[in-house]
Amino acid sequence: MSAERIFLAFLECQKNEDPDFKVELQSLVQSRDQDDDLQTDSSSGALFHRCLETDGPQPIVNEDLCRRIGAQLAEMGDRFQLEDRIKSEVVESLVHDILSERLTEKRFEDAVRSSLDNLPAGLDMERATLVVAMSLTSRVASNVPNLLQSCFTTALNFIQRNCRSSLGQLTNQG
């Protein structure tokens, strides 16, 4: 399953009306689509993406499933934001790190971990990690829209390394 497509769907589901954010998000989606080949399954009409940047077998990604999963994760992220679980100081620190070109995956991981400390007990920690990483990216881009690409790339690398199991479970529940 494509972590990238789920992440993009998450961002598209965010309740952000800032026109600059929307422009940056559309630019990000278009830049990512250039690496994919969009196909339609003639039997179901479902949209699929075939990644073109890898050698060997090409994974097919169900776009509708990615959108549903992204929407589910966005709902969870909205709850975290409504409950003020992700502190603005953490977001501001990430913005500063990106602007000063010091954002590393390790720094991003530290920001995610510090935000996890504010979450209620009993959550699936890997899924919560996934949502916090995506929410931090959304919040950074909400503050400074032109930082979306940079934060997205760092967060996507983090997600691909740390949240595979959760993404697999979500896909299987699809």
Side-chain angles (χ1 to χ4, degrees), residues 1-42 44-55 57-81 86 91 94-95 97-99 101 103-105 108-109 111-112 115 127 129-164 166-171 173-174:
M1 180 51 51
S2 171
E4 178 181 78
R5 289 280 161 208
I6 292 170
F7 196 177
L8 289 171
F10 174 95
L11 292 170
E12 290 173 333
C13 289
Q14 293 296 286
K15 296 172 180 139
N16 189 328
E17 297 303 319
D18 179 356
D20 292 334
F21 176 86
K22 289 180 183 255
V23 167
E24 291 296 327
L25 179 56
Q26 188 60 36
S27 175
L28 177 63
V29 169
Q30 288 174 348
S31 73
R32 298 299 176 152
D33 282 347
Q34 289 175 356
D35 295 331
D36 290 349
D37 180 27
L38 186 62
Q39 300 178 354
T40 302
D41 180 341
S42 58
S44 70
L47 292 175
F48 293 88
H49 281 274
R50 184 179 298 277
C51 296
L52 298 177
E53 57 189 38
T54 59
D55 295 332
Q58 312 246 326
I60 294 178
V61 177
N62 182 326
E63 188 73 18
D64 293 333
L65 179 57
C66 289
R67 287 189 187 286
R68 284 194 310 270
I69 293 169
Q72 289 173 4
L73 296 173
E75 285 179 25
M76 194 172 176
D78 289 345
R79 281 195 309 273
F80 290 171
Q81 186 164 335
I86 298 174
V91 174
L94 286 175
V95 167
D97 288 348
I98 294 170
L99 289 172
E101 298 181 4
L103 182 63
T104 63
E105 192 175 324
F108 187 81
E109 180 178 355
V112 170
S115 295
R127 188 166 302 172
T129 299
L130 175 63
V131 172
V132 166
M134 291 178 175
S135 295
L136 282 170
T137 302
S138 177
R139 298 256 323 259
V140 164
S142 291
N143 286 4
V144 185
N146 67 345
L147 298 182
L148 178 59
Q149 177 72 42
S150 176
C151 196
F152 178 86
T153 301
T154 302
L156 182 61
N157 289 335
F158 171 80
I159 288 166
Q160 289 173 329
R161 283 187 179 76
N162 295 285
C163 302
R164 286 185 178 269
S166 185
L167 287 169
Q169 289 171 356
L170 287 164
T171 302
Q173 292 171 3

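We're numbering straight along the sequence, starting at 1. Here the structure is a predicted model, which is why all the values come from computation and not from measurement.
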Using every non-hydrogen atom in the two residues, find where [X] and [Y] come nearest and quote the distance to one decimal.
| X | Y | value |
| --- | --- | --- |
| I86 | L136 | CG2-CD2, 3.5 Å |
| C66 | S2 | SG-O, 4.3 Å |
| F152 | E4 | CZ-CG, 4.0 Å |
| F10 | V131 | CZ-O, 4.4 Å |
| A74 | C13 | CB-CB, 3.6 Å |
| G70 | A9 | CA-CB, 4.0 Å |

Inset, instruction - Report the residue from D20, N16, T137, D18 that forms a side-chain hydrogen bond (donor to acceptor under 3.5 Å, both in side chains) with S142. - result: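 Among the candidates, only N16 passes.
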Looking only at atom types and distance, does a side-chain atom of [X] sit under 3.5 Å from a main-chain N or O of [Y], one as donor and one as acceptor?
| X | Y | value |
| --- | --- | --- |
| R127 | Q169 | no |
| T171 | L167 | yes |
| S138 | M134 | no |
| T154 | C151 | no |

Inset, instruction - Please report the C-alpha distance between R32 and Q149 in whole Å, then the side-chain angles of each, then the deciding distance to 0.1 Å, and finally whether the side chain to side chain contact (heavy atoms under 4.5 Å, CB included) criterion is met. - result: CA-CA 10 Å; R32 298 299 176 152; Q149 177 72 42; 3.5 Å; yes
Inset, instruction - Could you tell me the separation between the CG atom of N162 and the CG atom of N157, rounded to the nearest 0.5 Å? - result: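 These two atoms lie 10.5 Å from each other.
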Legend entry - Validation row: L25, Q14 side chains within 4.5 angstrom (heavy atoms):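 L25 does not reach Q14 side chain to side chain.
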Legend entry - E109/R161 ion pair, N-O < 4.0 Å: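 Salt bridge between E109 and R161, a charged N being under 4.0 Å from a carboxylate O: no.
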